[in-house]
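We name chains A, B, ... by the order of the sequence lines, and we start the count at 1 in each one. None of the values given here were measured: they were computed from a predicted structure. Values below: every heavy atom of this structure, side chains too, minus hydrogens, waters and symmetry copies.
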2 protein chains.
Amino acid sequence: MTRPARVRLTDDERFDWLRLIRSENVGPRTFFALMRNFGAAGAALDALPDLARRGGASRPIRVAGVEEIEREFALALKIGVRFVALGEPEYPPPLRQIDSAPPVLALRGREEALQQPAVAIVGSRNASAAGLTFADRLARGLGQAGYVIVSGLARGIDQRAHVAALETGTIGVLAGGHARPYPPEAVALIPRIAEYGAIVSEMPIEWEPRGRDFPRRNRLVSGLSLGTAVIEAARGSGSLITAKFAAEQNREVFAAPGSPLDPRAEGTNDLLRDGAVLCARVEDVLAVVDPIRDRDPFSRFEQAAHETGGPAWSAPSFGDDAEAPPCAHPGDERDEASGRTLRVNADSSEGRRRIEALLSPAPVSIDDLARAAEVSVREIRTALIDLELAGRVEYCGGNRVALIAPAAES
Amino acid sequence: MTRPARVRLTDDERFDWLRLIRSENVGPRTFFALMRNFGAAGAALDALPDLARRGGASRPIRVAGVEEIEREFALALKIGVRFVALGEPEYPPPLRQIDSAPPVLALRGREEALQQPAVAIVGSRNASAAGLTFADRLARGLGQAGYVIVSGLARGIDQRAHVAALETGTIGVLAGGHARPYPPEAVALIPRIAEYGAIVSEMPIEWEPRGRDFPRRNRLVSGLSLGTAVIEAARGSGSLITAKFAAEQNREVFAAPGSPLDPRAEGTNDLLRDGAVLCARVEDVLAVVDPIRDRDPFSRFEQAAHETGGPAWSAPSFGDDAEAPPCAHPGDERDEASGRTLRVNADSSEGRRRIEALLSPAPVSIDDLARAAEVSVREIRTALIDLELAGRVEYCGGNRVALIAPAAES
């Protein structure tokens, strides 16, 4: 699966990329939108304060400082973490495809593990003995069949799956930074995982994970994998969020069935009701993933990069635009050809206000927003850069955006 | 659901029907084929010895004696059993539709129970506590929603479902005769079931059930019901046979999920893999059966009887022919119009031998057999009457027939 490098960042570029993604209100989508608009992370960093002010920020935006990023690099070196940029050959191929793929992934362990086909196994923290045994059996079986096991390092099903796959390879995804491993039981496990597998994080290395970081992390668990198997899950549990991300990312969802009387099976039985593939033995998963494991996930991607003739770094942004209908608006075609976005109405604060007025805390798709505002999708995206940088909108998955409620702004 | 009588047998006719179906090698299909050919059970009884001889029987066929049937009627009267013929209004509507519906059903209890919409609940004899509890919950819930619960009186899931539905109505289907209730634990339960529900059997009243009678019985459990829910079932268990019959009868199949580590869930998980509806709560079943409970199961049936203009008793045989493509062979059309089968080549022992030569112990569909023999489906069916009466062929479900291996003939 090793592929020719499309991008090889210089040390300075890597520094700027990390600085840009660590700046306030810069998420993966905004990151790549800025890259499209400014051509390089350094130029985007220079423009950030103005853009945020124009978007209606009530105070100056916090741009990550040089010292802060130097400290992150130094700490990374100390604990054996390196930074891989989207587009570089070490970046895990399936993750490049997802909506809001992290521009920079902090990696500890063996980067080869990120190039193998992978399956996620997730489930309850307070799993039953049967659930743990099945997680173990599934992880071993898939490991022996050549799959890396991805999970979230939580106690219960996650850790059991990691341990069962230690020797065949497993990937742990942190919700916080590498220097703040969580949960405590995972601390001893992490170096063992790193020996044959990898630990990854998109967060600042000293980031202490909070509640909202776990769902965000879960999109990486599913995004690193051809499919996600949920072993035991009560209704409303985090594993179901991972399954939801997997479905949104067009990955397979597997669910282990459980007794109708077992509350830990309610979530997985719901998944089965909703069309998940029943997973009661290793073969149930292999039957689905074996036929797709060697399918090149980037044929579409490469083609798009080739057709647009854009700069190397623009190729990774393809996933960002994947859901926009191609050439839905005549004006977009010119933009695609140049590889840059023309700021048609974006400089007009009136247009931005109109778009903002159409937004509410209820998520709306960018397509619907464009129709309502009677502007092109590309204009919407450009206006959203400013609004996101100003901390006024957030992306909700599925290419939808919502206004951040005022209470959440403080 | 009470419907106008299409058939009301006289006492003599009822006696002849019972005598015909109790005769050697006369199964439901042969019964109705004989009725089509001879117009009445009495005439068919007279013809049986000749037909069997022509079919190649090595010894005279055993025709049920008058005394034997008198004894069955007397014993039935004593234990409160009456005989309902297919086509009479008391006959359970959904059962009329199945392949090889019993011509005569021996009924104890309340015939109204057979007119209500029903769901079968079946499962392991050595069920887990969770399985039993779920069977109880499901039976109660469906009973409260107006469904009669059908099952096979076995210990474990079956009996638990019957008991839970005693007051809302339940139907027990015997594998043997009413005077030989089985299993022993069901003996005390049967009169309680009969109080609000019913016990039914197609077998001679003193028939001691043997192993092969249980799968045959299971087709009645599914056939009496809009759908069959399997609660716990190991691979190869009888409940899966009931589920298979339900699918063949175009009824719904529900399966309760279970832990991948529980052998009692292997069968139900297999059913889910094969497309059964997941059943982890009462609503899962209601969502499927509520929309069809009041759909008239006989609209198709009535129409066919009307179109063919056949005699009243021929209407019930519609189910028998349901799988034959309508008018697949030009010669059939005339036969349909007269309501009788013309014995085109059936008297030719050469034609019968050719058909027999094409048969083997491996089941083959009647359509394929007709194609191979280059005769009409109707000719095949006529030849099969003789061969079945001679004990040389058997029906295997799905409109398929197989040669009975010589060893089984003795």
Side-chain angles (χ1 to χ4, degrees), chain A residues 121-124 127-142 156-157 160-161 164 229-235 240 252-288, chain B residues 121 123-124 127-142 156-157 160-161 164 229-235 240 243 252-288:
Chain A
I121 298 179
V122 298
S124 288
S128 71
L132 292 170
T133 302
F134 182 61
D136 189 288
R137 188 182 293 179
L138 189 62
R140 270 175 216 283
L142 292 172
I157 298 291
R160 185 64 173 257
V230 185
I231 304 302
E232 280 186 341
R235 287 219 172 96
L240 299 181
E252 301 297 334
V253 178
F254 303 92
S259 163
L261 298 190
D262 184 353
R264 285 171 294 210
E266 284 181 352
T268 53
N269 288 341
D270 284 348
L271 288 175
L272 290 172
R273 241 181 233 112
D274 293 346
V277 174
L278 185 134
C279 166
R281 50 189 187 211
V282 177
E283 293 71 26
D284 289 328
V285 177
L286 293 181
V288 173
Chain B
I121 298 179
S124 287
S128 71
L132 292 169
T133 301
F134 183 62
D136 188 288
R137 188 182 293 179
L138 189 63
R140 270 175 216 283
L142 292 172
I157 298 292
R160 184 65 174 256
V230 185
I231 304 302
E232 279 185 342
R235 288 219 171 96
L240 299 182
E252 301 297 334
V253 178
F254 303 93
S259 163
L261 297 190
D262 185 353
R264 284 171 294 211
E266 284 181 354
T268 53
N269 287 343
D270 284 348
L271 288 175
L272 291 172
R273 239 182 235 113
D274 292 345
V277 174
L278 186 135
C279 166
R281 48 189 188 212
V282 177
E283 293 71 26
D284 289 329
V285 176
L286 293 179
V288 174

To the nearest 0.5 Å, atom CZ of B/Arg273 lies from atom CD of A/Glu283 at 9.0 Å

Mind listing the closest non-hydrogen atom pair of B/Thr133 and A/Leu261 along with its distance? CB-CD1, 3.5 Å

Identify which of A/Thr268, A/Leu138, A/Leu272, A/Asp284 forms the greatest number of heavy-atom pairs closer than 4.5 Å to chain B. A/Asp284

Heavy-atom cut-off 4.5 Å, strictly under: side chain, backbone, both or neither for A/Asp262 against chain B? neither

So which part of A/Ala130 gets closer than 4.5 Å to some heavy atom of chain B, the side chain, the backbone, both or neither? both

Closest contact, heavy atoms only, B/Cys279 versus A/Pro260: O-CG, 4.1 Å

Minimal heavy-atom distance between A/Pro257 and B/Pro257, with the atoms involved, is CB-CB, 3.6 Å

